[in-house]
Each structure stands twice: as C-alpha cells, then as structure tokens.
Amino acid sequence: METIETKQALLDQRYMRMARIWAENSYCKRRQVGALLVKNKMIISDGYNGTPSGFENNCEDSNNISMPYVLHAEANAITKVARSNNSSEGATLYVTASPCIECAKLIIQAGITRVVYGELYRIMDGVELLERAGIEVVYLEI
C-alpha cells in the first residue's frame, strides 16, 4: 500500500519530468528552464525561459550573455496564470532550476506554498528567501 508521502513523491517526479520536457520549448541556448504550476493535481499554468511576446526569440547577445528582457520560466508561469481565471494561491511550482531572488519574490506574492526544483544554481538566495517566507522548498535531483 502506498503512503501519502510515496504518492506525493511519485507525483513530484512526474511533474518534474514534464517540466524538463516543457523546458525544451525555450529558444535560449545557454540554459533551458521549464516550470509547471500545479493545484489540486491539475496543471494550471506553465512557462519556460524566453523573450516577451512579440520579441525575436534570441535570448543571448553575440557574447552569449542573456538579454536583460529575458523572462524566467517561473515568471512566465506566474504571469500566465494571472491572465487566466485560475488562482495560484496554495499551488505547487515545479521548476527545473532553483529560483532566483526576483522569481522568489513573485512566488511569495503569488501565494504559491510549495516549490520543487531540480537543479542547484550557483546563487541560492532565492531558495533562502522562499524558506524564510515559510514556503516548502524541495530539491528533487534530476
């Protein structure tokens, strides 16, 4: 018999695999990141890193530096749900890389209560801020 924890771990692994696949939609060359926003076992939003709507799909300049207007996967998922009839209050965010400090602020303000991420980033201040805000943060190695 599966426990609730086992079922949640299996769901976490599945959604993280889906976030990795979603990251493949990104046109960014240096790093492709995907995010899924899940509430009540339903995907209510998704996102990947890339340029804003209407911009050319070039994430990096000629020196391979990210353009300043590139949106992170988390920001895309959060702004997408904001334009829908869904609410991110109490949702779980699955993201293939640990959130930066700017995305962490958006996550807190969006009412997301749990974040599952799959890769450690060199700067962990976003994760630290989420933990300080009382958000459950889970590192699920991918």
Side-chain angles (χ1 to χ4, degrees), residues 2 4-142:
E2 288 184 339
I4 292 171
E5 293 82 17
T6 305
K7 284 183 181 180
Q8 186 61 59
L10 290 171
L11 283 172
D12 287 349
Q13 291 168 7
R14 285 183 191 127
Y15 286 127
M16 187 59 74
R17 284 196 306 269
M18 293 170 73
R20 280 200 326 261
I21 291 167
W22 203 244
E24 295 173 12
N25 287 317
S26 173
Y27 286 91
C28 297
K29 294 180 181 99
R30 284 184 34 209
R31 171 177 258 192
Q32 294 180 312
V33 180
L36 293 178
L37 202 47
V38 177
K39 187 173 178 179
N40 301 324
K41 296 183 184 173
M42 290 188 307
I43 297 169
I44 61 169
S45 189
D46 54 60
Y48 50 87
N49 58 327
T51 57
S53 298
F55 281 64
E56 69 285 346
N57 288 319
N58 296 326
C59 297
E60 296 88 5
D61 64 19
S62 58
N63 296 318
N64 204 31
I65 305 294
S66 288
M67 299 292 212
Y69 50 80
V70 168
L71 290 161
H72 289 187
E74 306 95 314
N76 263 328
I78 291 168
T79 56
K80 195 174 187 180
V81 79
R83 293 178 67 174
S84 74
N85 292 326
N86 286 314
S87 166
S88 55
E89 189 75 38
T92 296
L93 178 70
Y94 293 88
V95 61
T96 58
S98 58
C100 72
I101 192 86
E102 293 302 319
C103 287
K105 291 188 267 184
L106 292 175
I107 291 165
I108 293 165
Q109 291 302 97
I112 295 165
T113 54
R114 187 167 181 265
V115 175
V116 180
Y117 68 95
E119 288 177 23
L120 298 172
Y121 187 59
R122 59 184 168 83
I123 303 168
M124 294 300 288
D125 55 356
V127 170
E128 292 164 10
L129 185 65
L130 293 173
E131 289 171 340
R132 184 173 163 202
I135 292 172
E136 180 185 353
V137 180
V138 178
Y139 171 51
L140 183 62
E141 198 169 359
I142 54 174

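Source: prediction; values computed, not measured.
Side-chain contact annotation: Asn76 with Tyr48, donor-acceptor N/O pair under 3.5 Å absent.
Arg31 pairs by the salt bridge (charged side-chain N to carboxylate O under 4.0 Å, His left out) definition with Glu119, not counting sequence neighbours. For the salt bridge (charged side-chain N to carboxylate O under 4.0 Å, His left out) test, residues two or more places apart in sequence or in another chain that qualify with Lys80 are Asp46. For the salt bridge (charged side-chain N to carboxylate O under 4.0 Å, His left out) test, no residue two or more places apart in sequence or in another chain qualifies with Arg20. In terms of the salt bridge (charged side-chain N to carboxylate O under 4.0 Å, His left out) criterion, Glu131 has no residue partners (sequence neighbours excluded). Cys59 pairs by the disulfide bond (SG atoms under 2.5 Å apart) definition with Cys28, not counting sequence neighbours. For Ile108, the side-chain contact (heavy atoms from CB on, under 4.5 Å) partners are Leu129, Leu130, Ala133, Ile135, not counting sequence neighbours.
A side-chain donor-acceptor contact under 3.5 Å links Ser45 to the backbone of Ala77. A donor-acceptor pair under 3.5 Å is formed between the side chain of Lys39 and the backbone N or O of Glu89. Within the 3.5 Å criterion, the main-chain N or O of Ile65 finds no donor-acceptor partner in the side chain of Asn63.
Inter-residue side-chain proximity for Ile123 and Cys100 is flagged as unmet; no heavy-atom pair is nearer than 4.5 Å. Val33 is not listed as a side-chain neighbour of His72, based on a closest heavy-atom distance of 4.5 Å or more. With contacts defined as side-chain heavy-atom distances shorter than 4.5 Å, the pair Val127/Tyr117 qualifies.
Contact detail for Met16 and Leu140: the closest heavy-atom pair is CB-CD2, 4.0 Å. Of all heavy-atom pairs between Gly47 and Trp22, the closest is O-CD1, 3.3 Å. Of all the heavy atoms in Pro99 and Ala104, the pair that sits closest is CB-N, 4.5 Å. The heavy-atom pair separating Ser88 from Val81 by the smallest distance is CB-CG1, 4.1 Å. Nearest approach of Leu36 to Ala19, heavy atoms of both residues: CD1-N, 3.8 Å. Summarising the geometry of Ile44 relative to Ser87, their closest heavy-atom pair is CD1-O, 3.4 Å, with the distance given to 0.1 Å.
Here CG of Leu106 is found 8.5 Å from CD of Glu74. Values are rounded to the nearest 0.5 Å. Expressed to the nearest 0.5 Å, how far OH of Tyr15 lies from CZ of Arg17 amounts to 11.5 Å. Between Leu120 atom CG and Glu141 atom CD the span is 7.5 Å, to the nearest 0.5 Å. Atom OH of Tyr94 and atom CG of Asp12 lie 4.0 Å apart (nearest 0.5 Å). In this structure, CG on Asn58 lies 8.0 Å from CD on Glu60, to the nearest 0.5 angstrom. Interatomic distance, OG1 of Thr96 versus CD1 of Ile21, reported as 12.0 Å (0.5 Å rounding).
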* Asked: What do the steps show when you test Asn86 against Met42 for side-chain contact (heavy atoms from CB on, under 4.5 Å), and what is the final call?
  -> CA-CA 11 Å; Asn86 286 314; Met42 290 188 307; over 6 Å; no
* So Thr113 and Glu136, side-chain contact (heavy atoms from CB on, under 4.5 Å) or not? Walk me through it. -> CA-CA 6 Å; Thr113 54; Glu136 180 185 353; over 6 Å; no
* How far apart are the C-alpha atoms of Thr92 and Val138, what are their side-chain angles, what is the distance that settles it, and do they pass the side-chain contact (heavy atoms from CB on, under 4.5 Å) test? -> CA-CA 10 Å; Thr92 296; Val138 178; over 6 Å; no
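Heavy-atom neighbours of Glu56 CD from other residues, nucleotides or ligands within 6.0 Å: above the threshold of 12.
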